[in-house]
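Below is one structure, written out as structure tokens, with a few remarks after it.
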Amino acid sequence: MATDTLKSTSSADSATGGLRRLLLDNGALTALIVLVIAMSALSGDFLTTDNLLNVGVQAAVTAILAFGVTFVIVSAGIDLSVGSVAALSATVLAWSATSHGVPVLIAVLLAVVTGIAAGLVNGFLIAYGKLPPFIATLAMLSVARGLSLVISEGSPIAFPDSVSHLGDTLGGWLPVPVLVMVVTGLLAAFVLARTYIGRSMYAIGGNEEAARLSGLRVKKQKLAIYAMSGVFAAVAGVVLAARLSSAQPQAADGYELDAIAAVVIGGASLAGGTGKASGTLIGALILAVLRNGLNLLNVSAFWQQVVIGVVIALAVLLDTLRRKAGATPVAGASQGGKGRQAATYGLAAVVTVAIVGATSFLHNGSSSTANPKVGLSLSTLNNPFFVQIRSGAQAEAEKLGVDLTVTDAQNDASQQANQLQNFTSSSLGAIIVNPVDSDAASNSVKAADKAKIPVIAVDRGVNKASVDALVASDNVAGGELAAKSIGEKLGGKGKIVILQGQAGTSAARERAEGFAQGLKAYPGIQVVAQQPADFDRTKGLDVMSNLLQAHPDVQGVIAANDEMALGAIKALGSKAGTSVSVVGFDGTPDGLNAVKDGTLYASVAQQPSQLGKIAVDNALKALEGKKVEETIKVPVKVVTKENVAGFTG
């Protein structure tokens, strides 16, 4: 009897230890399963075919980039340039095919060659120039992004229709980006597991000196490794641009960090020697599931960044525990190990489906809220103007009994496309979009139109797509008013500088166009310098400080928003409001206070709170089937010290 009890206890301990080892050996997979189950339980909109396909599409670009980064990290390197190389490759394709009539096939080859060239430069600087990978690829990050802006002149370039199909679906349901992700993933897995260069990556990452002494040509292998990373970056850039129907010079900004995070979450070590393509795919899916689920749960855009950072840290901590526990390494595996790995993935899929199927009953039969649901996707919340739009929208939504979900695209057209996809596949009744770029939002708006969801554009229109209404001020007309204000203040003559907005954004282009048109009426006004300061106060301060060194006698400043104008005022010091007149744009609270103080001569105010309020009003009308006007113009107003007291915004 005692023997039976001992055997039973040993068997239980063995089973518990086996389960623990299984979870530790597959930390990223465990995290993904837990996330899928949690999101399915928390949101009835998560577990739908459309939304799961959305997750795949949203993971695609990060995963493709990350497959290339996996090669680099396995060999104990790092590549910070992949996001910029992706943008440059897509820009080269669009520029050559659209602006110069190069056949599309050759243009695609040029894009791939661009990625290879960037990778070879990285590899050469690291292998032969002895630069640390961090420094070499950081330099390429800046060079590639700069070349993308130079080639495109800071504006998006329309993508050829034949290549734009990469952003479509096959058979009306299978997204092409998902298919490309699967193909590139299989290719990455084959390279790592079945090729000489794949084995070389593990050898170099494990011990570079030992690899060299064993006869491996380490320098040439590094050239090939970074070139392959460049190829995958080029493919990712083409897929991303196809989704957005345009090559954006600022596309994939910061994606290198997501790619590195996906690789590390997937079990690779930054010290090199371990990593696999399947783990990288799981890491990319974890990031996509997180962002998708948090959007559906209406989690604040600011808290989303906190949650994602915590999950990344926990995933890596779990991997550290796995290694300390002596779990199976994530490098090459024996045939038996691969069989067990396949069995593990199969078991995980069965368990996930079973539990998710059970949790879906939590949402069956549950009555939806009586309040209408509206989604608002803002281009950024890192700017007081758009914060005021949100405030006006939220106040009106609360007044009308509307459940308003607000997301922050962080000036990333791709991220906004993901958010609009999530809105479309969930139970929202209407969508309000403040586009990062008017061209890039078109495909997402078309998808919403196809789903019979009303779309209201606010502040900026959407090109090549139909919206129910556009609620906006006229940026061009506002730019002309700013030019007129500075022209009249200076008496029609003098030297001025212009601080431009973020290159590639429609607001920056339109306001710059308005400045140029308005200044035509004042031939005595000389524009001595025009520089972008990215709508940012700190950059406005730095750029203005630099310009004052070359042009100390400047008499006026036009800034494309109040934040840059306030930075310029700080740089000007006592000159602001006395010998130098500054005109801003937007009518933000800080800008209006500066007008009251006399340091800011004027601000072209757009009444952002009214924009948000009117957008919600019209979204509710469209949702209820009522007629709305196609264009609702909110008048801009030049606010000076004389009329600022009566301005409410």
For S603 and D562, does a side-chain donor sit closer than 3.5 Å to a side-chain acceptor? yes
Trace of the side-chain contact (heavy atoms from CB on, under 4.5 Å) decision for E396 with L620: CA-CA 11 Å; E396 189 68 5; L620 185 58; over 6 Å; no
With no hydrogens and no angle check, do the side chains of S414 and D412 hold a donor and an acceptor under 3.5 Å apart? no
Is there side-chain contact between T405 and F423, with heavy atoms separated by less than 4.5 Å? yes
Rounded at 0.5 Å granularity, tell me how far CZ in R511 sits from CD in Q500. 13.0 Å
Let me see the working for T640 and E642 under side-chain hydrogen bond (donor to acceptor under 3.5 Å, both in side chains), right down to the final yes or no. CA-CA 5 Å; T640 62; E642 284 69 32; 3.0 Å; yes
Is any side-chain heavy atom of L141 closer than 4.5 Å to one of S84? yes
Return yes if a side-chain donor-acceptor contact under 3.5 Å exists between S379 and N434, otherwise no. yes
Hey, is D617 close enough to K621 for a salt bridge, meaning N to O under 4.0 Å? no
Indicate yes or no for a side-chain donor-acceptor contact from R460 to the backbone of S438 under 3.5 Å, with no hydrogens or angles considered. no
Just how far is it from atom CG of D408 to atom CD of Q305, taken to the nearest 0.5 Å? 7.0 Å
If we only count heavy atoms from C-beta on, is the I525 to I486 side-chain gap below 4.5 Å? no
For G584 against A565, the heavy-atom pair lying closest together: CA-CB, 3.9 Å
Could you walk me through whether I456 and V467 pass the side-chain contact (heavy atoms from CB on, under 4.5 Å) check? CA-CA 6 Å; I456 308 296; V467 296; over 6 Å; no
So with a 6.0 Å cut-off around NZ of K633, is the heavy-atom count from everything else above 12? yes
Flag side-chain contact, heavy atom, 4.5 Å: Q607 against P635: yes
State whether the side chain of S391 and the backbone N or O of V387 hold a donor-acceptor pair below 3.5 Å, judged by distance alone. yes
Enter the distance from L88:CG to W95:CH2 here, rounded to the nearest 0.5 Å. 10.5 Å
Apply side-chain contact (heavy atoms from CB on, under 4.5 Å) to the pair N292 and N418, showing each step before the final yes or no. CA-CA 8 Å; N292 175 273; N418 294 342; over 6 Å; no
On a heavy-atom basis, the closest approach of P532 and G501 is CB-O, 3.7 Å
Does E629 have more than 12 heavy atoms from other residues, nucleotides or ligands lying within 6.0 Å of its CD? no
Taking atom types as modelled, is there a side-chain donor on D586 or Q388 under 3.5 Å from an acceptor on the other? no
Report yes if some heavy atom in the side chain of Y522 is under 4.5 Å from a heavy atom in the side chain of K484; otherwise report no. yes
Which pair of heavy atoms, one from D534 and one from M564, lies closest together, and at what distance? N-SD, 4.0 Å
Smallest heavy-atom separation, A409 atom then V436 atom, equals CB-CG2, 3.8 Å
side-chain hydrogen bond (donor to acceptor under 3.5 Å, both in side chains), that's the test. Do Q531 and N546 meet it? Break it down for me. CA-CA 10 Å; Q531 290 292 326; N546 295 337; over 6 Å; no
For residues N295 and T407, is any side-chain donor paired with an opposing acceptor at under 3.5 Å? no
Between the main-chain N or O of A107 and the side-chain N or O of S96, is there a donor-acceptor pair closer than 3.5 Å? no
Shortest non-hydrogen pair, P372 vs G401, comes out as CD-O, 3.5 Å
Could you check whether atom NZ of K446 has more than 12 heavy atoms from other residues, nucleotides or ligands sitting under 6.0 Å from it? yes
Side-chain donor-acceptor pair present, Q248, D437, cut-off under 3.5 Å: yes
Could you check if a side-chain atom of V476 sits within less than 4.5 angstrom of a side-chain atom of E480, using non-hydrogen atoms only? yes
More than 12 heavy atoms of other groups within 6.0 Å of Q517 CD: yes
Gap between atom CG of D536 and atom CG of L499 - 0.5 Å precision: 11.5 Å
Decide yes or no on side-chain contact (heavy atoms from CB on, under 4.5 Å) for I496 and L519, but give the supporting numbers first. CA-CA 11 Å; I496 68 169; L519 289 173; 4.1 Å; yes
Distance-minimising heavy-atom pair for A94 and P160: CA-CD, 4.5 Å
Report, as yes or no, whether the 6.0 Å neighbourhood of atom CD on E398 holds more than 12 heavy atoms from other residues, nucleotides or ligands. no
Going from CG on L547 to CD on Q530, what distance comes out if it is rounded to the nearest 0.5 angstrom? 10.5 Å
Is L404 close to V406 at the side-chain level, that is, under 4.5 Å between some pair of heavy atoms? yes
Roughly how far, to the nearest 0.5 Å, is CZ of F535 from CG of N382? 12.5 Å
Are T91 and S152 linked by a side-chain donor-acceptor pair shorter than 3.5 Å? no
What I'd like to find out is whether the side chain of S245 reaches to under 4.5 Å of the side chain of K464, using heavy atoms alone. no
